[in-house]
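What follows is a single structure, written as structure tokens, with notes after it.
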Amino acid sequence: MEYDFRRIEKAWQQKWKESKIYQVSNDSVNPKFYVLDMFPYPSGAGLHVGHPLGYIASDIYSRYKRLKGYNVLHPMGFDSFGLPAEQYALDTGQHPAVTTKKNIATFKAQLDNIGFCYDWSREVQTSDPHFYKWTQWIFLQLFNSYFCHTEKKALPISLLIKKYETKGSMPKTGEPVPGKHFTAEQWNAFSEKEKAEILMRRRLAYCGYGEVNWCEALGTVLANDEVVNGVSERGGHPVVKKTLRQWYLRITAYADRLLEGLDTIDFSDAMKEMQANWIGKSSGAEIDFSINGHEQKLRVYTTRPDTIFGVDFMVIAPELELVNEIKSVPQAAAVDEYLAYVKSRSERERMAEKKITGVFTGAYAINPFDDREIPIWISEYVLAGYGTGAIMAVPCGDDRDHRFAKHFAIPITNIIGDHYDGEEANPTKEAVLQNSGFLDGLVMKGAMDVVLEALETKGIGIRKVNYKMRDAAFSRQRYWGEPFPIVWKNGIAYPLNESELPLELPHVDSYKPGPEGEGPLANIDTWVQQDLETNTMPGYAGSSWYFLRYMDPHNDKEFCNRETSDYWNQVDLYIGGTEHAVGHLLYSRMWTKVLYDLDLIGHDEPYKKLVNQGMIQGSSRFVYRLQTGTAAGRDNQIPLNKNGLPIQVFISKSYYDQGLKLNIETILKKVNAHINIFNGVELRNDYGFLVSQLHVDVNMVNGIELDVESFKKWKPDFEDAVFITEEDGKYICGTEVEKMSKSKFNTVNPDDLVAKYGADTFRMYEMFLGPVEMSKPWDTKGIEGVHRFLKKFWRLFVDEAKGLLVTDGEPSMEELKVLHNAIRKIENDTERFSFNTGVSSFMIATNELTDLKCHKRSVLEPLLILLAPYAPHVAEELWMLLGNKTSILDVSYPLFEEKYVKESTKAYPVAINGKTRTELTLPLDITQKEVEEIAVKDEVVQKWLEGKTPKKIIYVKNKMINIVV
RNA sequence: GCCCGGGUGGCGGAAUUGGUAGACGCAGCAGACUCAAAAUCUGCCGUCCGCAAGGAUGUAUCGGUUCGAUUCCGAUCCCGGGCACCA
């Protein structure tokens, strides 16, 4: 009986499905464990080998935990709202719901092919009205809540209204500010619209105005990555910024709690750091500078008030209104020109480019401490959205300020003496201040407080904590997303009643954007007539809470039953890519905190532990096509292939690398030897042939060698193509590591590999590739080795001719040692997500047991259980062949016993001056003194000592011996 | 530009983070079995010198700490990811 993985895998997948063995109950005596994958966006391209990496890891862990006696929740679903489906609809007219449904079916079939243990009865799809009903419902909770800064938590907005009605909103200290503070009487006298506007300033989901990338030619709003170099990716039309009404989530209110929460969860330090940087908490000061000849003040935000005497110029963001108010007459034209330039640039470009740009406004600010005049500039490196949109520039201490000053030849004041060399800024906080008036002689760190107090006394500055994080834009001018359950009447947003949910997306015929940057919903008369909000929610709405829905997916009364969410509680293990580091992971953390504050769930962090899977990159292959057609100016001379297309010539990599000019004669000769393309043409060096680099389907390339025959069949114009190969007759392709994508022909479909080698091999190979957390390019090359291992493992149990080999004999100590070493290593590796070394441990154990000719049940059965999480199909099959009646999924994990692997001696490496020279086998309980005596007597040691006495002998138990001469 | 990862044989990686560098696998080479092929098995396999024993060298580059550094520190170079409307 051979290892017939096709039959085995098909049969067991069918049996598992029929017996509903993966269905999980919300009610169990076993402890719970929740393993979650970041659910995929079901793109039209289907699953490629990069997707399953994390899924396989989580599947192994889930199965492992089940064997360890846990009630394991391991669900899967689809993040099925999103831009690509809408774009596809725009291009083809196919409804996103239709393509999404089709794509999901493909994804599910591909996933099932790999043998995952998902409980599909709990599947969620974010675009399903049964699901997004509750996304809308949670949005209403956000809309109807505000953040109470005293209690530091979300509370119902009704409490705030009650407070306004009875106490108004008055400052704790100081004078009330008109427009900001009001008494209860004033509140009660406000119009409904005035009240609504005040409340909008506190709601967790609120409406405001924000800038978007607007493309007039396409009549639509574009995502940042749809904008390239200031023009649209599609069509190359100009893109400008446009202010539109937008919904926001007040995530900034949660900045501190999101930051503090990081201490309570098990994320990698890198991930925590990324989130912390995104939140970007900094403390500093806001300082008001007077402007010469103007009423207005210039308010800047700085983290370094101690450097105030080093301010040589001010920079304000071009977007600030103030620019137009203070620009001087002689500078007005230059300023206007600059503003036009900035308007065309994306924020990303402004940050990324090294180019220093800016213009002087003609106005001067006054340093409050020494009355110095400070020129005010505008420049794109200052962002309107952060701080006050204005900075005080201290060139001797800040690198960007320094470059700016050098570029525009602004004189630099040195306030840190020797710490500044005139060439490069020095951001030290340790220097003693000079040229700094009353601060002279103070260490910068200590000067901060002195300045702050002086500013506060003068009433021109306050201490201020700032966050880089901005409120999250929560609306999109798109069709394929959740509609907002909001009706607009007289400019006031009213929530729909719960009973009116879900507010379903209307079916439309056209997905064209609405007028003036509005979403496609604005084109639908019935929608607009009902005064419904025309924006839709962004891609991350559904994913901000989907992990709760899996717990109670069919509940039509609540988003999730409270008892159930208390049982499953946090996700114990969350696996997904780092690309979500700051988006999804922060938003879902915020939503969880809000739901917790409103007492709708019992935990305030969604994920206990996060494991980041690395990205599987594509490894692209290129062929090099010689331009023989129009570009080479000799159309008529090119013979045609069978399909009536000009015959193409491809040169192998080494010719391309050497440079075509050098080799053109050789190449032309070779071409002519194949086919008479250049008949009668004098072969000269200066034709200037062009070579274009084309992506070739990686599935047609074996390593780097092109399969010429399949390539010729790939496209009609490649038929009869001529290949200029290397000396050995091989056509070698170029390579590059890029993102996996269909357009680069570097995707590998898991289905193909499963068909060829089986799901078990595929699963183990993906794990064997390297650590899950690490990014790496895909390479199918090594999969044979894993497949061979499984066949070898099979042969421990079954012989092709003799059938089952397993005997009931007593295992030897040696065999037990192999088994228990395997148990220890594999359990440990699985626990710490080191699946690649886990797989290699299986190989080692299998090799050793094969060498020992061990076919004993008492050794093989436990080993089989170890394998079950990694290769479930073959494990079930062999388990059944061993005569077991119940599934291997529900047995218990083998126990490691120390006594079988205990050693009494160890072979110590002996180094002389740090270089290993020999080995000594010594008892483990040996003392330092005994080691010294034995070591110096050793022949090899003697030789290296050359008669000298060792200075020192270092003996580290269980590690090594080092003799220092 | 800013933030975060990562650089180890021909290749993927191991060394559970200061203690024998290269486990396991791929590829390659030599051999066994076979009429042959597939499958399987055995041996070799970083580089340099050497028939070998052995020696030198070696974890991106340069420098440092240490009895000892792939691991820690400083500088540099290269690659990948994120940067708020891609998901």
Side-chain angles (χ1 to χ4, degrees), chain A residues 2 38 40-41 43 79 81-84 87 210 212-213 221-227 246 268-271 273-274 276-278 280 347-355 381 385 399-400 468-473 475-478 538-540 543 577-584 586 612 614-615 617 703 737-739 765 768-771 773-777 779 781-786 788-789 791-792 795 800 825 828-829 832 834 836-837 839-844 847 850 907-919 951-954 956 958-965:
Chain A
E2 57 165 355
M38 288 184 188
Y41 173 78
S43 79
D79 192 11
F81 272 135
L83 199 51
Q87 193 50 50
V212 294
N213 301 311
V221 174
L222 297 175
N224 273 342
D225 71 327
E226 294 177 300
V227 184
Q246 300 283 352
S268 69
D269 290 342
M271 187 60 50
E273 204 175 320
M274 267 194 261
N277 284 335
W278 180 266
E347 196 165 298
R348 180 97 58 100
E349 286 172 318
R350 286 169 59 172
M351 286 189 291
E353 274 179 40
K354 285 180 186 170
K355 191 157 73 165
Y381 82 89
D399 196 36
R400 282 175 308 178
K468 252 189 232 156
M469 183 166 67
R470 315 201 282 255
D471 278 339
S475 48
R476 302 290 183 261
Q477 289 68 45
R478 305 281 185 178
Y540 63 82
S543 62
T578 38
E579 65 272 23
H580 298 285
V582 285
H584 159 64
L586 268 181
N612 285 115
M615 179 169 289
Q617 291 141 310
V737 172
E738 307 176 281
K739 256 193 177 161
Y765 180 58
F768 191 54
L769 227 41
E773 310 88 348
M774 223 152 78
S775 288
K776 57 223 149 210
D779 190 350
K781 213 167 62 184
I783 197 168
E784 294 275 359
V786 175
R788 264 174 229 153
F789 150 72
K791 285 197 277 189
K792 193 165 181 178
R795 285 197 303 271
E800 208 164 302
K825 184 75 169 56
N828 188 5
D829 284 346
R832 62 192 183 96
S834 177
N836 56 328
T837 52
V839 173
S840 106
S841 306
F842 280 116
M843 291 173 171
I844 293 168
N847 290 343
T850 304
Y908 282 94
V910 181
I912 287 120
N913 286 336
K915 286 203 163 112
T916 310
R917 298 297 179 186
T918 185
E919 208 171 70
K951 268 192 205 139
K952 195 163 148 197
I953 296 180
I954 295 151
V956 183
N958 235 329
K959 296 284 186 191
M960 42 58 68
I961 295 160
N962 189 18
I963 300 168
V964 187
V965 186

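Note that these values count all heavy atoms, side chains included, but never hydrogens, waters or copies made by symmetry. Chain letters run A, B, ... following the sequence lines, proteins first and then strands; every chain starts at 1.
In this model, the phosphate group of B/U16 is not approached by any side-chain N or O of A/Arg832 to a distance below 4.0 Å at OP1 or OP2. Between A/Arg788 and B/C26 there is a side-chain polar atom (N or O) within less than 4.0 angstrom of OP1 or OP2. For A/Lys915, a side-chain nitrogen or oxygen approaches OP1 or OP2 of B/U57 to under 4.0 Å.
Of the candidate nucleotides B/C85, B/A15, B/G81, B/C85 has the atom lying nearest to any side-chain atom of A/Ala473. Of the candidate nucleotides B/G19, B/U16, B/C24, B/G19 has the atom nearest to the side chain of A/Lys959. With distances taken from any side-chain atom of A/Ile844 to the nucleotides B/C83, B/A23, B/U16, the minimum falls on B/A23. The side chain of A/Glu273 lies closest to B/G5, out of B/A56, B/G5, B/A84. Minimum atom distance to the side chain of A/Asn836 is reached by B/G13, of the listed B/A84, B/C11, B/G13. Checking B/A21, B/G19, B/A56 against the side-chain heavy atoms of A/Thr916 singles out B/A21 as nearest. When each of B/G12, B/C3, B/A39 is scored by its nearest atom to the side-chain atoms of A/Lys791, the top-ranked nucleotide is B/A39. In the set B/C24, B/C4, B/G80, the nucleotide with an atom closest to the side chain of A/Gln617 is B/G80. Of the candidate nucleotides B/C41, B/G25, B/U16, B/U16 has the atom nearest to the side chain of A/Lys825. If you check B/C86, B/C85, B/U20 against the side chain of A/Leu83, the one that comes closest is B/C86.
Shown here for A/Ser475 and A/Gln246, the closest heavy-atom pair between the two residues is OG-OE1, 2.7 Å.
Considering only heavy atoms from C-beta on, A/Phe768 comes within 4.5 Å of A/Met843 through its side chain. Between A/Pro84 and A/Tyr41 there is a side-chain heavy-atom pair separated by less than 4.5 Å.
Rounded to whole Å, the C1' atom of B/C78 lies 26 Å from the corresponding atom of B/U65. As rounded to the nearest Å, B/U61 and B/C11 have P atoms that lie 14 Å from one another. For the C1' atom pair drawn from B/U20 and B/C4, the interatomic distance equals 35 Å after rounding to whole Å. Separation of the P atoms belonging to B/G13 and B/G7 is 9 Å when rounded to the nearest angstrom. B/G9 and B/G5 have their C1' atoms separated by 24 Å, given to the nearest Å. For the P atoms, the distance linking B/C24 with B/G46 amounts to 13 Å, nearest Å. Taking the P atoms as reference points, B/A30 lies 16 Å from B/C45, given to the whole Å. Nucleotides B/A15 and B/U8, compared at atom P, are 15 Å apart to the nearest Å.
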I would like to know whether A/Asn962 and A/Ile953 meet side-chain contact (heavy atoms from CB on, under 4.5 Å); could you show each step before the answer?
-> CA-CA 6 Å; A/Asn962 189 18; A/Ile953 296 180; over 6 Å; no

From CA spacing to verdict: side chain to side chain donor-acceptor pair (under 3.5 Å), A/Ser834, A/Thr837 | CA-CA 6 Å; A/Ser834 177; A/Thr837 52; 2.5 Å; yes

side-chain contact (heavy atoms from CB on, under 4.5 Å) evaluation trace for A/Met271 with A/Asn612 | CA-CA 9 Å; A/Met271 187 60 50; A/Asn612 285 115; 2.9 Å; yes

Check against side chain to side chain donor-acceptor pair (under 3.5 Å), A/Lys468 and A/Asn277 | CA-CA 8 Å; A/Lys468 252 189 232 156; A/Asn277 284 335; 5.8 Å; no

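When rounded to the nearest whole Å, the span between CG of A/Asp779 and P of B/G25 equals 17 Å. Distance A/Asp79 CG to B/C86 P: 14 Å, rounded to the nearest Å. A/Leu586 has its CG atom 18 Å from the P atom of B/C3, to the nearest Å. The CE-P distance, from A/Met38 to B/G81, rounds to 17 Å in whole Å. When rounded to the nearest whole Å, the span between CE of A/Met774 and P of B/G7 equals 6 Å. Atom pair A/Asn958:CG and B/G19:P shows a separation of 12 Å (rounding to whole Å applied). One interatomic measurement links the two molecules: NZ of A/Lys792 to C1' of B/A39, which rounds to 14 Å at whole-angstrom precision. Distance, A/Glu2 CD to B/A39 C1': 10 Å, rounded to whole Å.
Between A/Leu769 and A/Ile783, the residue anchored closer to the 5' end of RNA chain B is A/Leu769, taking for each the nucleotide with the nearest heavy atom. A residue-by-residue look at A/Lys952 and A/Asn847 shows that A/Asn847 has its nearest nucleotide of RNA chain B further toward the 5' end.
Contact annotation for A/Met271: no contact, since no heavy-atom pair falls under 4.0 Å across all strands. Contact annotation for A/Lys776: backbone-only contact, meaning every heavy-atom pair under 4.0 Å involves sugar-phosphate atoms and none involves a base. A/Gln246 comes within 4.0 angstrom of a base, heavy atoms only. At the heavy-atom level, A/Pro40 lies nowhere under 4.0 Å from the strands shown. Residue A/Gln477 is in base contact, counting any heavy-atom pair closer than 4.0 Å across all strands shown. A/Ala472 comes within contact range of no nucleotide atom at all, as no heavy-atom separation falls under 4.0 Å. The residue A/Ala911 sits apart from the nucleic acid: no heavy atom pair falls under 4.0 Å. No engagement by A/Gly539 is indicated, since no non-hydrogen atom pair under 4.0 Å with the nucleic acid exists. No contact: A/Arg400 has no heavy atom under 4.0 Å from any strand. Residue A/Phe768 is classed as a base contact, given a heavy-atom separation below 4.0 Å to a base. At a threshold of 4.0 angstrom between heavy atoms, the contacts of A/Ser834 with the nucleic acid are absent.
In this structure, A/Ser775 contributes its side chain and A/Met615 its backbone to a donor-acceptor pair below 3.5 Å. A/Tyr540 places no side-chain N or O within 3.5 Å of a backbone atom of A/Gly583 that could act as its donor or acceptor partner.
The glycosidic torsion of B/G9 lies within 90° of 0, which places this base in the syn conformation.
Shown here, B/A32 forms a base pair with B/U40; the pair counts as Watson-Crick or G-U wobble because both key distances fall under 3.5 Å. In this structure, B/G80 and B/C4 make a Watson-Crick or G-U wobble pair, each of the two defining distances being under 3.5 angstrom. The partner of B/A56 is B/U47, by the rule that a Watson-Crick or G-U pair needs both atom distances under 3.5 Å.
Interface remark: the A/Asn962 side chain does form a donor-acceptor pair with the B/C67 base, using a distance-only criterion of under 3.5 Å.
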